[in-house]
Amino acid sequence: MQQANGRPADAKLGPPPPFVLPLLDSTSEEMPVYSPQEIEKKWQAHWKTHQTFKAYNHSSKPKYYVLDMFPYPSGAGLHVGHPLGYIASDIVARYQRLQGRNVLHPMGFDSFGLPAEQYAIQTGQHPAVTTEQNIETYIRQLQQLGFSYDWSREVRTSDPQYYKWTQWIFLQLFNSWYNLDTDRAEHIRTLQEKFAASGSAGVRAAGEAEDRHDFSAGQWQLMGEKQKLAAILPYRLAYQQDTYVNWCAGLGTVLSNDEVKDGLSERGGYPVERRLMPQWNLRITAYADRLLQGLNTLDWPDAVKEMQRNWIGKSIGAEVTFPVQGHAGADIKVYTTRVDTIYGATFLVLAPEHELVDTLTAPGQRAAVDEYIAATKRRSERDRMSDVKHVSGVFTGAYAANPVDGAPVPIWLADYVLAGYGTGAVMAVPSGDQRDYLFAQHFDLPIPAISDAQKDLDQQADPTKEGRYINSGIVNGMGYKEATATLIAFLEEKALGKGKVNFRLRDAIFGRQRYWGEPIPVYYKDGTAYGVAEADLPLVLPEIDEYKPTEHGEPPLGRATDWKYRGQHEFELSTMPGWAGSSWYYLRYMDPENADRFVGEEAEKYWGQVDLYMGGAEHATGHLLYSRFWYLFLKDLGLVTGTEPFQKLINQGMILGVSEKILRLGHVLPASTSEAATNETKAILDAPFTKLKFSSMELPLELPTKNVFVSQDISDRFRSTPGVSEGTLTALHVDISQVDSNKLDLNKYSASHPDLKNAVFVCAGGYWQNGSFTKFPFGGSDVFLTASDVEKMSKSKYNVVNPDVLIDKFGADALRLYEMFLGPLEQFKPWNTNGITGVGSFLKKFWRLFHPEDGALAVTDEPATPAELKTLHRVIQKVAHDIDKFSFNTSVSTFMIAVNELTALGTHKRAVLEPLTLLLSPFAPHLAEELWAELGHAPGSISEAAYPEFREEFLVEANVTYPVAINGKVRDQRQFAATATAAEIETAIRESDFLTRFGEGKAVKKVVVVPGRMVNVVV
RNA sequence: GCCGGAGUGGUGGAAUGGUAUACACGAGGGACUUAAAAUCCCUUGCCUUCACGGGCUUACGGGUUCGAGUCCCGUCUCCGGUACCA
C-alpha cells in the first residue's frame, strides 16, 4: 500500500532494519571497503590463468561472434576515447555468454603501418621492434580494462605466419579473372581455355578494355609464354597498369582515394598530386554491383550504407558516339544520364587528358590548347578543389556531329571533365545542367530550351524531367520516359549509342613504395610478372640498412641485398597497403593456428559471419568496402560460405577531448615570405608593445616582450581595439593538467615553458609577470582564464586523458560504467572526468548492499518482499531490452535507480542480490566476480551462469495511480484498481469531485481513458 | 550543393504519441570533523508569489490529435560524410 505508485522512498520513513547500525563509526579503519585495485588485479589474473574466455570451435551451444575493429598499435597508447567501443562489445560478449552462447570475442593488431616506419626513418629502429613494444603496451592497457577476449587467438598482420595468407589471397586474385557470363571470379585457367577455343572475342570480362588486345584462337596458339602472359595480365583481378595515382612526396608513396582528404594525405597532412605510374591494382570494380546490392541485406547504420552507395556511385545512362567532322574514324564517346536532352547539346567538353585531343585540335587553336593543357597540369589537385567556381576551358577548333540530327557541335576542353570517369568526355546541355550553363555563359555559347517546363533559363539551368520536349526533333512533344526509350532505340539501331551503367568506384591501387608492409609476392622474369609459388610463402620482408628510398628513387625494398626469387629473379619492390591485412583478419580469428589454410573449412562454417562488428565510422568506405570485396571474391572461389562478412555493424561515436587554450596577443605579420617582408616581420616581433589599450582605457604600460597573454574574459576588448597594440589574438594549446575550471595554474605553466620567461599574463584587474601581480588602477580579478574547446583527443592538443590514471584511482569497473554512462554509444561526446565520481559511488553503494557497516558479508536467505522483487525484475527487463538496443547508458541509470531503491529498502537478501550481480556482471565484471565468489559460487564462474529470468507478475500492482488531466493538462492523481476497465474509470471520474474542483464549470465533452496510463477529460 | 545525424536545465543526458527534465555531474545549504578529505541528508528548469498557488518551457513557425520532445510541413543552427561524377 505504501508503495502504491512504485516509490519505495516511503520505506526510509520507517525504522531501519535491525542489523544496520546507525552511521556512527564510518571512518573506523577496520571497515574493509570496496577496493577495486585489489579485486580487479586478482580477477584479471584468474581469467588469464584459467583461460576463462577461450572459445572453442566445437560446441553444442549456438555461436555468437563479436568483433572489434582491431587497432593500429600507436606509440601513444590508448586514451579514454579508444575503449568506448571495446567496452560496449565486451558487454555484449559477456551478456551473450550469460544467454548460453558460445562466444568468439577476439582481439589483434593491425601492426603494419606508416607511423612505425616514419619513426624507423628518424631513429633507425627496426619498425618490428617499436611495433612489438607498442603492442605490449596495448595488451597491458586492454587487459587492465577487464575485456573478455580470447587472447589465444590474437593475430598481428605483420607476423609472417599471418601475412603468408594475406600474400596467398593476393595470389588468388592474381590468378583470377572476372567472367561476366557467370558473374563471378574464375581461375585464370578458364580464361586461357576460352582464348584457346575462340580467341579474345569469346570472352566477356569485367574491366576496361584499354590494355586488352583482340586476337583469334589461332593467334593465341602461336603466342609464346611471354606474349600470352602479357595478354592475360589486363584480365587479372590483381593487375599491373600505368595508373594515375595520388602521389604523396612527403610520405614517398602513393595513396588510395580514401587516404586523401582535401588534397592532403590523411596521415601527416602532406600535399598529394596526380601522377602516372605503373601500379598494382585490384579490380574491385568487377564487384561494384554486387557490393551495392549486398548493402540491402545488412543491418548497418544507414549513414554507412549510404556512404558506400555514394562511393560506388552507380548511375544509369547511355554512351553516345559523336563522330568528329573532318576526322574519319575519330569518334568521341560521351557518357550521359540524360540522353533525353541530347537535342540541347550545343557543345562537347573533353578532359584535357583525352586521347583524341591531339588529333582533332585545329592548327589555329594549337597554341591555345597546348597552353591550357600545360596550365591544367601545373594546377595541383588542391588548387582545383579550392577553385571550383572558376570557369576555364579552351576551344579545340574542331566540330563533332550530333548523332541524332547531324548538327555541328563545337568541341571544347575543360578541366571540370575528369579523365577517369565515364569516357572522359561529356555532351554539354547548358539549359539542363548548371555546370554546363555556367560554361556556356562564360564563353557565350547558346543555351536553347528543350522542354516546355523549363523556367528561368536566363538565370540558371533547369534540369526538370517534367513537361514535353521542344526543339527536339524526333522526341518533340514526348515526356521523359518515352523520349529516353525512343532515343536509346534510335541510337542503338544506328550503332551510335547504347544504354550503359557507370560506376564512380575506381579500381583499388594496391602498392605502396614503403618498407613496413607485406611484400607483394611477385617476381619478374624477362620483364614479365609471375606470382611466387604458394610453397614459397611467406615471402618474408627482408632486412635493409635504412628505411628510405634508394638513390635511384626505388622503394626501400630496393636496398635489400641478394633478395631474389630462387636466387635469380627480381622481386616486386612495393609492399601492400595498410588495408590488405585488415581485409580478412576476422576470418583468421576463427582458426588462427591453421598452418594449411587461411581458415579451416570447418571453423569457417561454424563461425560463419561476424554477428556484431563494432568500430569507428571513419572506416565506412575504406576497410568495410575492401573487406566485403575480398569476402565476395573468396566466396566465388568457394572458400567461404556466407554472403557478407559483417551482418550487424555499430559505429561507436568518438569521445572528444576538451582542450584548453590561452590567447596570445600578436602583431599583424606580413603575409608574404619575400626577404623584405621577412625583415619586416623580425622588426615587428622585436618591437615591444609600447602601449596596451584596454577597453576604453589606455594603460601606462611598457611591455618589453612579445609574449603577452590575455585572459579569456577580457579578450574581446582586444579583438576590437584597432591600432594601438597592432594586435591579433592567437590561441595556444595548454596542457589540460595545468588548468582547473578554466583557471590557468601560472606556476605550473611557467615551469613547463622556460622559454616564456618574462611573459606577461593580463587579467581583468592587472597582470602577472614572473610570479608577481601588478594591479591596474581600476581593480578587478587576478585570475587568468583559458578558453575551452571541444576537439579530437590528441597529443598535439594536450587534451589527452589517460585511462591508466583513472583506473588507478577509480578502477576499471568504474571507467567501464562511466564510458557507457556518458551517453548514447553512437553519439559524439566530450569527455569530462568529473562525472566519474558518480559511477564510483554507485559501485560503493552496490558493495554496501553486501557489506554493511562491519564489513562482513551480510547477505541473508530471507525471502524477498514484493517491493524488492519489483525492483529486481524491472532491472532484468530493462537491461536485457537496453542491451538489445545497444543503449548502455540507460542500463547504467537503471542499475543506479535499483541500488538507490534497495539501499532505501535496506535489502541484503540473496534472492535479490544474486540475480542483480549477474545482471551487472557484463558491465562491472570484476566486482561481479568478487561478489559472486563471496556468495559461495566457484571462483570465476559467473560467466557460465544463466541470465536471470524476467517474471512479469512481480511488476503487477493491485492499484494504479492515474494522472487525471483536463484538456491535456494534469490536475490530479487518482488511484484505481489495476483491473478497472476504462468505462468504470470514466464513470468514477464523472461522479467524483474532480470536475467541480478543476472543471471550471464547463460541460464534459469527452473522457479519454488509457488503461494503466492516464485519464484526460475534454471540456 | 547533395547525403546522413543532432538541437531538451549550468553540464552529460532520460522519456512504447500519455505526469517532460529520470539518472549523474556541477552548484547552494546542512550533518559529521579542530580542519580537510570521505560519507550522509536537503534544495536545484525558468518566471511569478511572503506563502498556498499560478504561468511558461524540449532550436523557431505552422499542422494532425482528446493529448506532440516524439508524427507531418516549412525555417534556422551545429556536427559528420561527400562533391566539377556528366
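Small disclaimer: the values here were computed from a predicted structure and weren't measured. Convention: sequence-line order gives letters A, B, ...; per-chain numbering from 1.
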Q: Does the side chain of Asp462(A) pick up a donor-acceptor pair with the side chain of Tyr437(A) at under 3.5 Å?
A: no
Q: Would you classify G9(B) as syn or anti? Syn applies when the glycosidic angle is within 90° of 0.
A: syn
Q: Could you tell me whether Met307(A) contacts a base, only the sugar-phosphate backbone, or nothing, with contacts defined as non-hydrogen atoms closer than 4.0 Å?
A: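 Here Met307(A) touches the backbone only, sparing every base.
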Q: Among A86(B), G26(B), C23(B), which is the nearest nucleotide to the side chain of Tyr421(A)?
A: A86(B)
Q: Side chain of Asn834(A) only, please: which of U39(B), C25(B), A22(B) is the nearest?
A: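 The answer is C25(B).
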Q: Across the strands shown, which category fits Asp436(A) at heavy-atom distances under 4.0 angstrom: base, sugar-phosphate, nothing?
A: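 If one applies the 4.0 Å heavy-atom cut-off, Asp436(A) turns out to touch nothing in the nucleic acid.
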Q: Name the nucleic acid region contacted by Asn1016(A), choosing base, sugar-phosphate or nothing; use a 4.0 angstrom heavy-atom cut-off, strictly under.
A: base
Q: Base, sugar-phosphate, or nothing: which does Asn900(A) touch, judged by heavy atoms less than 4.0 Å apart?
A: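 It contacts sugar-phosphate atoms only.
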Q: Please determine, for the side chain of Leu418(A), which listed nucleotide (G13(B), C85(B), A22(B)) has the closest atom?
A: C85(B)
Q: Looking for any heavy atom pair under 4.0 Å, which part of the strands does Val970(A) touch: base, sugar-phosphate only, or nothing?
A: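 Counting heavy atoms under 4.0 Å across all strands, the contact made by Val970(A) is with sugar-phosphate only.
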Q: Indicate whether the side chain of Asp789(A) and that of Ser659(A) have a donor and an acceptor atom separated by less than 3.5 Å.
A: no
Q: Please report, rounded to the nearest Å, how far the P atom of C78(B) is from the CZ atom of Phe828(A).
A: 18 Å
Q: Mind checking Pro824(A) for me? I need base, sugar-phosphate or nothing, with any heavy atom below 4.0 Å counting as a touch.
A: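 Sugar-phosphate only.
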Q: In this structure, is the centre-to-centre distance between the rings of Phe810(A) and Tyr818(A) below 6.0 Å?
A: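 They do not qualify: ring centres at least 6.0 Å apart.
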Q: Using a 4.0 Å heavy-atom cut-off, does Lys1005(A) contact any base of the nucleic acid, only the sugar-phosphate backbone, or nothing at all?
A: nothing
Q: With rounding to the closest Å, how many angstrom separate the C1' atoms on U16(B) and G10(B)?
A: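 That atom pair is separated by 31 Å.
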Q: Across the strands shown, which category fits Thr837(A) at heavy-atom distances under 4.0 angstrom: base, sugar-phosphate, nothing?
A: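 Answer is sugar-phosphate: Thr837(A) comes under 4.0 Å of backbone atoms only.
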Q: Identify whether any heavy atom of Val426(A) sits under 4.0 Å from a base atom; if not, whether one sits that close to sugar-phosphate; answer base, sugar-phosphate or nothing.
A: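 Base: the residue Val426(A), judged by heavy atoms under 4.0 Å, touches a nucleobase.
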Q: Kindly point out which of U19(B), C23(B), A86(B) is positioned nearest to the side chain of Tyr335(A)?
A: A86(B)
Q: Counting the atoms with a prime plus P, OP1 and OP2 as sugar-phosphate, which does Gln973(A) contact under 4.0 Å by heavy atoms, base, sugar-phosphate, or nothing?
A: base
Q: In terms of side-chain heavy atoms, does Tyr480(A) have a donor or acceptor partner in Ser451(A) at a distance below 3.5 Å?
A: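 Per modelled atom types, Tyr480(A) and Ser451(A) side chains form no pair under 3.5 Å.
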Q: Tell me, which stems hold RNA chain B, with a stem being 3 or more Watson-Crick or G-U pairs in a row and both distances under 3.5 Å?
A: B:1-7 with B:76-82, B:10-12 with B:23-25, B:26-31 with B:39-44, B:45-48 with B:53-56, B:59-63 with B:71-75
